[in-house]
Engineer: 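Let me begin by handing over the structure; questions about it come next.
The structure presented is a predicted model; accordingly, all values stated were derived computationally and were not measured. Below, chains carry the letters A, B, ... as their sequence lines are ordered, and counting in each starts from 1.
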There are 2 protein chains.
Amino acid sequence: MMNAKTSTQALPGQRQTKQRALVYEVIRESKGPLTVPEIHVQVRQTMPRTGIATIYRTVKLLHSSKWIQAVTMPDGETRYESADLGHHHHFQCKICGEVLDIDHCPMSLAPGAELPGGYILHEHEITMYGICPRCR
Amino acid sequence: MMNAKTSTQALPGQRQTKQRALVYEVIRESKGPLTVPEIHVQVRQTMPRTGIATIYRTVKLLHSSKWIQAVTMPDGETRYESADLGHHHHFQCKICGEVLDIDHCPMSLAPGAELPGGYILHEHEITMYGICPRCR
DNA sequence: CTCGAAAATGGAAATATTTTGCAAAAAATT
DNA sequence: AATTTTTTGCAAAATATTTCCATTTTCGAG
């Protein structure tokens, strides 16, 4: 199944480059949101001369063009993931630090619910912490 | 009404200093969570020679001693607020941007639960977004 | 297909933020 | 008040991100 943003489509910006296509591909194929250094490591496995500045520039471009979205972790770390994912949450392993997507939503309140004090709920984000199978 | 962490009580760490007492007082008396530079500005109004390193060190000490807690804003900014609250979550108004504590926990999974993939849940943090009564 | 203009890249330098080293000052102990 | 130990202020170092610029790459015109 193809949608409007497969890697064969034009990337945002003036020129289509191998670095931009690869940055977007790495983010798309990740099991969870990635930091800029993590993207850099993966991109260099294919294009070893890629500089960190290119990752920063490309991530900013993809983000401002809505191809990817930023996820700020509660510890302040910024991670990026594809913008066309469905509703999901994040789990971070307290030992290895890896972050991955959790499709199951453990939220007991529905959108539109009224919280004590008269607050109307629209969206929510949940970050879970624990131990991944590899670290057990 | 006095609780265990009024400014007359001992502060965490080895020595009780004027700088530490003042940092904690500034955070306690703020109407909202503060950044390190904001705390620095306020502390220097009383103790002008206070260095930014002392604010970073003191905030880290107060935080690791659980006297204050960190709140990461959606843009990645880290702010600190007094921490004499129990388990709670955060609600941010999408119109005015105000962030406030929500005592009700809408989490349907208990600590120790196993998520699909073999991940063991320990803690969680929930940020809710919606509209506050004032903005309706 | 080749050329040339414009944009992107890599690497380094510049910025910005947070942490650390250390001599002097302050706090607790005697 | 003297001694010991911790903390502070300042500067330097470590980190993280952005900008600069010469070279390389993209891509459209011919």
Engineer: Got V23(B) and T50(B) here, is their nearest side-chain heavy-atom distance under 4.5 Å?
Structural biologist: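 Of all side-chain heavy-atom pairs linking T50(B) with V23(B), none is under 4.5 Å.
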Engineer: Any salt bridge linking E81(B) with R28(B)? Criterion: basic side-chain nitrogen under 4.0 Å from a carboxylate oxygen.
Structural biologist: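 No, this pair does not count.
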Engineer: Quick one: does any side-chain atom of H89(B) pair with a main-chain N or O of I126(B) as donor and acceptor, under 3.5 Å?
Structural biologist: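 Between the backbone of I126(B) and the side chain of H89(B) there is a qualifying donor-acceptor contact (under 3.5 Å).
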Engineer: If I take atom CG in residue L61(B) and atom P in nucleotide dT6(D), what distance separates them, rounded to the nearest angstrom?
Structural biologist: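 Between P of dT6(D) and CG of L61(B): 14 Å.
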Engineer: Figure out the CD1/P separation between I55(B) and dT19(C), and round it to whole Å.
Structural biologist: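 Between P of dT19(C) and CD1 of I55(B): 13 Å.
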Engineer: Taking 4.0 Å as the cut-off, does a side-chain nitrogen or oxygen of K60(A) come that near to OP1 or OP2 on dT18(D)?
Structural biologist: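 Yes, K60(A) has a side-chain N/O under 4.0 Å of OP1/OP2 on dT18(D).
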Engineer: May I ask you to verify if any side-chain N or O of T50(A) is less than 4.0 angstrom from the OP1 or OP2 atom of dG10(C)?
Structural biologist: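 Yes.
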Engineer: For residues D103(B) and H88(B), report the shortest heavy-atom separation together with the two atoms involved.
Structural biologist: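 Smallest interatomic distance, heavy atoms only, reads OD1-CB, 3.8 Å.
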Engineer: Sort me out a list of protein N/O and nucleotides 12-17 of chain C N/O pairs below 3.5 Å, or just none if empty.
Structural biologist:
none

Engineer: Any N/O pairs under 3.5 Å between the protein and nucleotides 27-29 of chain D? List them or say none.
Structural biologist:
| residue | atom | partner | partner atom | Å |
| --- | --- | --- | --- | --- |
| dC27(D) | OP1 | Q16(A) | N | 2.8 |

Engineer: Minimum heavy-atom separation for L34(A) and I27(A), please, with both atom names.
Structural biologist: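 That would be CD1-CA, 4.4 Å.
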Engineer: Just how far, in rounded Å, is P of dT17(D) from NE2 of H40(A)?
Structural biologist: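 Taking NE2 of H40(A) and P of dT17(D), I get 13 Å after rounding.
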Engineer: Within less than 4.0 Å of OP1 or OP2 of dT8(D), is there a side-chain N or O belonging to R49(B)?
Structural biologist: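 Answer is no, no contact under 4.0 Å.
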Engineer: Measure CZ/R20(A) against P/dT25(D) and give the value in whole Å, please.
Structural biologist: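 That distance rounds to 15 Å.
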Engineer: I'd like to check T54(A) versus R57(A) (side-chain heavy atoms, cut-off strictly below 4.5 Å). Are they in contact?
Structural biologist: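 Answer yes - side chains close enough.
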Engineer: Between K18(B) and V36(B), who's closer to the 5' end of DNA chain C by nearest nucleotide?
Structural biologist: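 Between the two, 5'-proximity favours V36(B).
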Engineer: Does dA26(C) have OP1 or OP2 under 4.0 Å away from a side-chain N or O of Q19(B)?
Structural biologist: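 Result: no.
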Engineer: Check whether any side-chain N or O of S108(A) sits under 3.5 Å from a backbone N or O of P106(B) as a donor-acceptor pair, and report yes or no.
Structural biologist: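 Looks like yes, one N/O pair under 3.5 Å.
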Engineer: Could you tell me whether E98(A) and R134(A) have a side-chain N and a carboxylate O separated by less than 4.0 Å?
Structural biologist: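 Answer for the salt bridge query: yes.
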Engineer: Locate the shortest heavy-atom distance separating T78(B) from A70(B); write the atom from each residue and the value.
Structural biologist: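 Here T78(B) and A70(B) meet closest at CG2-CB, 4.2 Å.
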Engineer: Hey, does the side chain of R57(B) come within less than 4.0 Å of dT20(C)'s phosphate (OP1/OP2), counting only N and O?
Structural biologist: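 So the side chain of R57(B) is outside the cut-off, no N or O lying under 4.0 Å from OP1 or OP2 of dT20(C).
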